[in-house]
There are 2 protein chains.
Amino acid sequence: MNEPSAKLTKQGIRAVAARAGVSTASVSRSLNNPEAVSPSLRARIAQAIDAVGYIPHAPARILSSRRSRTLGAIVPTIDNTMFARGIASLQKYLSSVGYMLFLTTSGYDLDVELQQARNLIGRGVDGLVLRGDCHHEGLRKLLADNAVPFINVGIYQPDRPYPCVGTNNEAAAHRAAAHVIELGHRKIGIVSALQRNNDRAGARVAGFRRALAESGLELPPEWHVEVPYTLDDAREAARHLLNLRDRPTAVVCGNDVIAYGVLLEAERSGFSVPRDLSVVGFDDLDWSRHLRPSLTTIHVPTDETWQRAGEYLVRSLAGEQTIMHREVDFSLVVRESTAPPPAILK
Amino acid sequence: MNEPSAKLTKQGIRAVAARAGVSTASVSRSLNNPEAVSPSLRARIAQAIDAVGYIPHAPARILSSRRSRTLGAIVPTIDNTMFARGIASLQKYLSSVGYMLFLTTSGYDLDVELQQARNLIGRGVDGLVLRGDCHHEGLRKLLADNAVPFINVGIYQPDRPYPCVGTNNEAAAHRAAAHVIELGHRKIGIVSALQRNNDRAGARVAGFRRALAESGLELPPEWHVEVPYTLDDAREAARHLLNLRDRPTAVVCGNDVIAYGVLLEAERSGFSVPRDLSVVGFDDLDWSRHLRPSLTTIHVPTDETWQRAGEYLVRSLAGEQTIMHREVDFSLVVRESTAPPPAILK
DNA sequence: GCGCCTTATGAAAACGGTTACATCCTAAGC
DNA sequence: GCTTAGGATGTAACCGTTTTCATAAGGCGC
């Protein structure tokens with residue numbers, strides 16, 4: 001008489017087990033390792049599962065198995081097309097292999113990043129996807145202490161002992177600057193993203209500068225401006241450059257959004273691109289090919305990069321041998337925003 | 001002699017307790033309810049905690065306390081400025097009140113949304129943030145069965161029995177259309193987002209149509225086009241409208257991205273905006289005020305909307321009484337892309 | 001028909017916290 | 001001085017799984 005009522009009070013896997021007349025072990029097995037249980041039992045259990053509307057309790061599962069099939073990712077901000085796309089791609093890949101993604105943001109603050117890492121580790125993530133290799137010094141120790149595998153995405157640094165996947169930003173930036181040099185420009189300005197806590201931005205600036213130096217070109221300090229990731233700031237920087245008595249004939253930018261700002265401001269100020277000014281971006285966001293003039297830029301395969309980051313961790317967790325440093329190819333996409341410099345000059 | 005080694009084998013909270021010479025209960029209390037433990041003990045425990053580098057294990061905590069201080073969110077896609085901003089805002093608010101966010105995407109697929117909801121519930125989220133009120137029928141039952149509070153964000157439907165926060169899309173769209181009607185336009189086209197599984201898009205179309213109908217204006221079928229959320233598709237739609245023998249003098253768009261597409265295509269096709277064609281957007285993304293011509297559009301306070309969604313759930317979970325249907329104000333922002341119709345017509 | 005190996009299943013001990021309850025101590029009330 | 005209320009701390013059961021280990025049930029060679 002009280003048998004049924006006892007059953008009714010049970011929760012979770014025990015309710016399923018009771019309903020199917022089996023042990024909890026069998027239910028667990030039929031979920032995690034179906035081949036290990038006989039077909040007849042499996043069917044009975046499957047039936048019981050949706051009879052009670054059973055949803056496995058992930059925290060309990062994680063607690064018991066010490067694996068979560070979940071990865072954590074810490075990006076500076078989600079409000080940036082590059083990261084949004086990357087995360088979307090990573091998430092898609094992970095869900096295709098039965099993993100989940102726990103996403104947090106650091107706002108370009110290394111302390112916050114460290115805190116979020118602690119948070120995610122406490123959450124039981126199996127691995128961590130980080131952006132770049134510019135981290136709080138405590139982070140590496142934290143990861144090592146807790147034996148959490150990780151990967152730095154968006155950069156390529158084969159000489160460092162940490163896994164990474166991304167394009168060689170320095171080389172790509174070099175290519176971008178080389179492009180305008182080949183067109184005949186000698187007066188080239190740089191508008192870069194903030195380099196602080198952003199190794200990617202730093203590598204790009206280094207690439208730009210190397211290209212200039214190799215061609216024996218000067219870079220007056222006032223021709224290099226750093227700006228945050230917003231259109232407004234980029235426009236202000238452009239205004240600065242365009243108002244100089246001696247102004248560059250070409251501007252290479254740290255990313256596409258900055259380039260958009262330069263493009264917009266040039267146009268508003270009565271300059272014609274590329275006639276009066278050549279502009280090169282970096283990233284090749286969707287907008288770049290739609291703008292008028294369309295933007296010459298460095299194409300970076302974001303989707304591929306982030307998916308590979310996921311692959312690396314998933315494979316590592318499965319115990320497979322994987323490539324620690326993976327380079328992702330970039331390419332220069334020449335569009336309408338670059339042309340030879342005005343003939344009148346020099 | 002083996003006392004110390006015994007201590008060394010302990011994990012987590014017990015290691016801390018042993019180190020501080022207290023019970024696990026006290027450690028737990030000093031973490032979750034610091035006032036309940038004496039200052040001296042608290043200090044000793046705090047010291048022990050970072051001596052062992054203790055990171056609380058969230059899954060265990062969730063399992064035991066049946067609360068996760070984590071909310072789940074399911075959005076169609078993260079790769080859309082509106083959602084990216086909203087999520088960023090929500091995340092920021094949640095972290096300020098000690099909550100975390102578990103984010104998943106549905107790709108506008110109701111089955112996937114349901115699956116993700118199941119997933120998140122299994123994950124132990126305390127509440128769910130959903131987009132709109134267009135869900136799989138099983139979703140409501142799932143939420144009710146598991147007593148998971150939720151809120152529909154981005155819409156305002158005071159007549160429905162579900163919590164929601166957002167702007168009145170129908171009214172806002174009506175306002176947008178009224179604007180061009182007031183300017184004197186009689187021939188108005190619509191380029192909307194796909195209405196399938198997207199009540200927001202549907203409401204906007206309804207608002208547009210009501211405004212037209214109230215002014216006795218016709219809407220020939222070929223003047224209403226639905227397109228996915230991409231610049232390319234919007235441009236194709238614009239091309240279609242502009243190539244019609246009898247074409248509209250104004251186009252109201254379901255969102256800003258669509259409007260950008262129309263703007264770009266009009267310009268590429270040799271039309272001048274707003275001289276030959278007026279264009280109205282919806283959302284007021286960052287780009288809208290930078291474009292040339294800048295875009296007349298409906299401003300929607302995305303950040304506020306999503307933050308309020310978080311507030312609603314957090315308050316509900318704290319047992320506070322909250323407003324079930326919250327309307328967020330929109331406003332028409334008139335910029336350069338709208339003007340009276342060409343005088344030559346009529 | 002008997003021992004033995006294999007395979008399917010069950011019983012029960014973790015996993016790392018929280019929390020109801022018990023206990024101890026101190027100080028206030030008489 | 002004795003009782004007692006109440007606050008600080010400890011004890012241990014429990015949260016819902018997984019997983020080790022034991023056990024039962026077949027299948028096989030002899």
Side-chain angles (χ1 to χ4, degrees), chain A residues 7 9-45 48-49 52-70 118-119 121-126 146-147, chain B residues 7-46 48-49 52-70 118-119 121-126 146-147:
Chain A
K7 280 181 187 178
T9 64
K10 288 183 184 159
Q11 294 295 324
I13 204 173
R14 295 185 225 265
V16 176
R19 176 113 187 181
V22 301
S23 72
T24 62
S26 293
V27 177
S28 176
R29 271 191 287 260
S30 97
L31 249 34
N32 302 308
N33 192 13
E35 313 82 47
V37 64
S38 71
S40 65
L41 245 202
R42 210 185 307 165
R44 221 160 80 226
I45 289 172
I49 281 180
V52 296
Y54 170 65
I55 301 178
H57 193 264
R61 201 202 280 248
I62 295 168
L63 178 59
S64 182
S65 70
R66 279 94 163 284
R67 278 174 301 113
S68 63
R69 289 189 77 80
T70 298
R118 219 188 304 271
N119 203 331
I121 291 173
R123 231 67 200 191
V125 298
D126 294 338
N146 294 81
Chain B
K7 281 181 187 178
L8 282 177
T9 65
K10 287 182 184 159
Q11 293 296 324
I13 204 173
R14 299 189 218 260
V16 176
R19 175 116 188 180
V22 301
S23 73
T24 62
S26 294
V27 178
S28 175
R29 272 191 286 261
S30 97
L31 249 35
N32 302 309
N33 191 16
E35 314 82 48
V37 64
S38 72
S40 66
L41 244 202
R42 211 184 308 166
R44 222 163 78 229
I45 289 171
I49 281 179
V52 293
Y54 170 64
I55 301 177
H57 193 263
R61 203 202 283 248
I62 295 168
L63 178 59
S64 180
S65 69
R66 280 92 161 283
R67 279 175 300 111
S68 63
R69 290 189 77 80
T70 299
R118 216 188 306 270
N119 204 332
I121 291 174
R123 231 69 200 190
V125 298
D126 294 338
N146 295 81

(message) Holding to side-chain hydrogen bond (donor to acceptor under 3.5 Å, both in side chains), I want the full list of residues that pass it with B/Ser64, two or more places apart in sequence or in another chain.
(response) none
(request) Estimate the overall bend of the helix from C/dG1-D/dC30 to C/dC30-D/dG1 from the end axes over five pairs each, rounded to 10 degrees. (result) 40°
(request) Check B/Ser68 against A/Arg123 and note the closest heavy-atom contact, atom names and distance. (result) O-NH2, 3.3 Å
(message) Students often get this wrong, so: under 4.0 angstrom with heavy atoms, is B/Ile45 touching a base, only sugar-phosphate, or nothing?
(response) nothing
(message) Is there, by distance only and without an angle test, a donor paired with an acceptor across the side chain of A/Ser65 and the base of D/dT18 below 3.5 Å?
(response) no
(request) Go through the structure and list residues passing side chain to side chain contact (heavy atoms under 4.5 Å, CB included) with B/Arg66, not counting sequence neighbours. (result) none
(request) Starting from P on C/dA14, measure out to CG on B/Leu63 and report it in whole angstrom. (result) 17 Å
(message) Let's see if you get this right: which residues in residues 28-37 of chain B place a heavy atom under 4.0 Å from DNA chain D?
(response) B/Arg29, B/Val37
(request) For B/Ile13 and C/dG17, give me the distance from atom CD1 to atom C1', rounded to whole Å. (result) 6 Å
(message) Are the side chains of B/Thr70 and B/Asp126 in contact, using a 4.5 Å heavy-atom criterion?
(response) no
(message) I need the B/Tyr54 OH to A/Arg118 CZ distance, nearest 0.5 Å.
(response) 13.0 Å
(request) Report the nucleotide, chosen from C/dG10, C/dT18, D/dA8, that has the shortest atom-to-atom distance to any side-chain atom of B/Ser38. (result) D/dA8
(message) Once you apply a heavy-atom cut-off of 4.0 Å, does B/Ile62 come out as touching a base, just sugar-phosphate, or nothing?
(response) nothing
(message) Taking 4.0 Å as the cut-off, does a side-chain nitrogen or oxygen of A/Arg42 come that near to OP1 or OP2 on C/dT9?
(response) no
(request) Return the nearest nucleotide to the side chain of B/Arg66; candidates are C/dG17, D/dT19, D/dC15. (result) D/dC15
(request) Provide, to the nearest angstrom, the distance between the CZ atom belonging to A/Arg67 and the P atom belonging to D/dT18. (result) 10 Å
(message) When you compare the side chain of A/Ile13 with that of A/Pro56, does any pair of heavy atoms fall below 4.5 Å?
(response) no
(request) Could you check how far CZ of B/Arg44 sits from P of D/dA8, rounded to whole Å? (result) 15 Å
(message) Is there a side-chain contact between A/Tyr54 and the phosphate of D/dG16, meaning an N or O under 4.0 Å from OP1 or OP2?
(response) no
(message) Closest-nucleotide mapping onto DNA chain D: is B/Ser64 or B/Gly21 further toward the 5' terminus? I mean the 5' end.
(response) B/Gly21
(request) Please tell me if the side chains of B/Arg67 and B/Ile62 come closer than 4.5 Å, counting only heavy atoms from C-beta onward. (result) no
(request) Check if the side chain of B/Arg61 and the base of C/dG16 share a donor-acceptor pair of N or O atoms closer than 3.5 Å. (result) no
(request) With sequence neighbours left out, write down each residue that passes side chain to side chain contact (heavy atoms under 4.5 Å, CB included) with A/Asn32, or none if nothing qualifies. (result) A/Ser28, A/Arg61
(message) Tell me every residue that passes side chain to side chain contact (heavy atoms under 4.5 Å, CB included) with B/Ala36, counting only those two or more places apart in sequence or in another chain.
(response) B/Arg29, B/Asn33
(message) From C-beta outward on A/Val22, which listed nucleotide comes closest to its side chain: C/dT18, C/dG10, D/dT9?
(response) C/dG10
(message) Could you tell me how far apart A/Arg14 (CZ) and C/dA11 (C1') are, to the nearest whole angstrom?
(response) 11 Å
(request) Mind checking the OG-CG spacing from B/Ser30 to B/Leu41? Nearest 0.5 Å is all I need. (result) 8.0 Å
